Number of protein chains: 2
Amino acid sequence: MVDVSHGCRLIAPMSTALDQVFSALADPTRRAILSMLLEDDMAVTDVAEPFAMSLAAISKHLGILSAAGLISQEKRGRVKWCKLEPDALHSASVWMHGFGQMAPLDLDAFEVFLKQALGEGPNRP
Amino acid sequence: MVDVSHGCRLIAPMSTALDQVFSALADPTRRAILSMLLEDDMAVTDVAEPFAMSLAAISKHLGILSAAGLISQEKRGRVKWCKLEPDALHSASVWMHGFGQMAPLDLDAFEVFLKQALGEGPNRP
DNA sequence: TGCATATTCAACCAAATGGTTGACGTTTCG
DNA sequence: CGAAACGTCAACCATTTGGTTGAATATGCA
């Protein structure tokens with residue numbers, strides 16, 4: 001009965017994308033996995049190693065992250081490599097900063113800001 | 001077995017805060033509520049009005065948003081007013097932009113950016 | 001006082017989530 | 001070839017989630 005896409009029917013399907021991204025990020029195990037992948041691409045087994053849970057459980061988590069677009073998985077030989085896809089955070093970022101009220105226009109400035117921050121930030125030598 | 005706070009035990013309890021914020025944002029009904037509250041403070045009944053679900057359900061959603069710190073609720077008379085608390089998105093923002101790797105330093109620049117974007121943005125006359 | 005309004009509480013329900021285990025395909029390698 | 005490593009699948013389980021309804025609790029107002 002309410003327009004859940006808050007006034008912009010053109011991007012209605014995005015609501016599902018936001019659901020997926022936010023609920024993927026809601027789990028601490030999955031956030032930890034993303035942090036690990038920030039340092040380097042990893043195989044599924046290596047991702048699972050530090051956790052106190054089964055490989056199958058980690059495999060599921062990776063599936064959820066992949067469905068949300070937060071990572072990509074490429075099988076080379078018998079090992080499946082997991083790679084961070086930070087762009088997926090984009091839609092979520094856009095939504096968060098202003099709850100969808102500061103639309104695409106500001107997004108450009110945001111991109112510029114992010115690029116500069118990532119390139120010149122004191123924590124990225 | 002893994003350090004879920006990704007290397008900074010000092011902010012370990014924040015993991016719970018992130019859980020709450022992200023899972024609060026994962027629901028489209030709750031995101032719609034936040035969008036509504038962006039325009040103005042509202043009473044519980046008024047928040048519920050456009051949705052096709054019971055008042056009790058909305059009351060629960062508001063409780064979740066409140067527990068996550070995304071809104072505050074103040075009872076005046078017999079009506080309980082709901083107010084957006086955008087600061088709660090702060091920790092989530094910090095985490096998202098660089099998965100916790102570009103720390104407080106960039107945050108300042110981010111705040112400056114946000115203030116300017118909100119103040120001068122073409123969608124905020 | 002008494003009634004309508006505003007909101008929550010309690011009990012219940014179906015479905016989704018996060019985990020387990022064991023069996024199963026692939027690929028690599030001795 | 002045969003065994004080991006890599007990863008997923010299927011079935012199962014306990015808990016959480018998102019919703020319902022009906023009763024209960026304040027508060028405002030005639």
Side-chain angles (χ1 to χ4, degrees), chain A residues 1-2 4 15-37 40-83, chain B residues 1-2 4 15-37 40-83:
Chain A
M1 190 159 275
V2 78
V4 126
S15 188
T16 302
L18 282 179
D19 289 359
Q20 292 194 140
V21 170
F22 281 130
S23 62
L25 295 179
D27 186 282
T29 300
R30 288 192 288 264
R31 289 200 306 275
I33 291 174
L34 292 176
S35 290
M36 292 166 60
L37 291 178
D40 213 345
D41 298 359
M42 296 178 80
V44 174
T45 306
D46 296 330
V47 170
E49 190 268 336
F51 293 93
M53 72 181 71
S54 70
L55 183 61
I58 296 295
S59 181
K60 280 191 193 177
H61 281 302
L62 290 170
I64 290 168
L65 288 170
S66 186
L70 290 162
I71 68 169
S72 59
Q73 294 181 288
E74 184 198 357
K75 189 164 184 180
R76 272 203 305 269
R78 70 177 162 180
V79 26
K80 199 169 185 176
W81 293 92
C82 304
K83 184 176 178 308
Chain B
M1 189 161 275
V2 77
V4 128
S15 188
T16 303
L18 282 178
D19 289 359
Q20 293 194 138
V21 170
F22 281 129
S23 61
L25 295 178
D27 186 283
T29 299
R30 288 192 290 262
R31 289 200 305 276
I33 291 175
L34 291 176
S35 290
M36 292 165 60
L37 291 178
D40 214 344
D41 299 359
M42 296 179 80
V44 174
T45 305
D46 296 330
V47 169
E49 190 269 334
F51 293 93
M53 71 182 72
S54 70
L55 183 60
I58 296 295
S59 180
K60 279 191 192 177
H61 281 303
L62 290 170
I64 290 168
L65 289 170
S66 185
L70 289 162
I71 68 169
S72 58
Q73 294 181 288
E74 184 199 357
K75 189 164 182 178
R76 271 202 307 269
R78 68 178 162 179
V79 25
K80 199 167 183 178
W81 292 92
C82 304
K83 183 178 178 304

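Quick caveat, the model's predicted, so the values are computed rather than measured. Chain letters run A, B, ... following the sequence lines, proteins first, then strands; residues in each count from 1. The analysis underlying the following values was restricted to heavy atoms, covering all of them including side chains, and did not include hydrogens, waters or symmetry mates.
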In whole angstroms, how far is the [atom2] atom of [N] from the [atom1] atom of [X]?
| X | N | atom1 | atom2 | answer |
| --- | --- | --- | --- | --- |
| K60(A) | dC12(D) | NZ | C1' | 10 Å |
| I58(B) | dT7(C) | CD1 | C1' | 13 Å |
| L55(A) | dA4(D) | CG | C1' | 15 Å |
| D27(A) | dA16(C) | CG | P | 18 Å |
| L62(A) | dT8(D) | CG | C1' | 12 Å |
| M53(B) | dT8(C) | CE | P | 15 Å |
| D46(B) | dT7(C) | CG | P | 7 Å |
| L65(A) | dT17(C) | CG | C1' | 14 Å |

Counting side-chain heavy atoms from C-beta on, which of [options] comes nearest to [X]?
| X | options | result |
| --- | --- | --- |
| V79(A) | dG19(C), dG7(D), dA11(C) | dG7(D) |
| H61(A) | dA5(D), dA6(C), dG18(C) | dG18(C) |
| V44(A) | dG19(C), dT7(C), dG7(D) | dG7(D) |
| A56(B) | dT7(C), dT21(D), dC9(D) | dT21(D) |

What are the two closest non-hydrogen atoms of [X] and [Y], and how far apart are they?
| X | Y | answer |
| --- | --- | --- |
| D19(B) | A26(A) | OD1-O, 3.3 Å |
| F22(A) | L25(B) | CD1-O, 3.5 Å |
| C82(A) | L37(A) | O-CD2, 3.6 Å |
| P50(A) | M36(A) | CG-CE, 3.7 Å |

What nucleic acid atoms does K75(A) come within less than 4.0 Å of, heavy atoms only: base, sugar-phosphate, or nothing? nothing
Determine the contact category for A43(A): base if any of its heavy atoms lies under 4.0 Å from a base atom, sugar-phosphate if only primed atoms, P, OP1 or OP2 are that close, otherwise nothing. sugar-phosphate
Does [N] have its OP1 or OP2 closer than 4.0 Å to a side-chain nitrogen or oxygen of [X]?
| X | N | result |
| --- | --- | --- |
| R30(A) | dG18(C) | yes |
| S59(B) | dT8(C) | yes |
| S54(A) | dG19(C) | no |
| K80(A) | dT8(D) | yes |

With a 3.5 Å cut-off and just heavy-atom distances, do the side chain of R78(B) and the base of dT5(C) make a donor-acceptor pair? yes
Interatomic spacing from OG1 in T45(B) to CZ in R78(B) - rounded to 0.5 Å: 9.5 Å
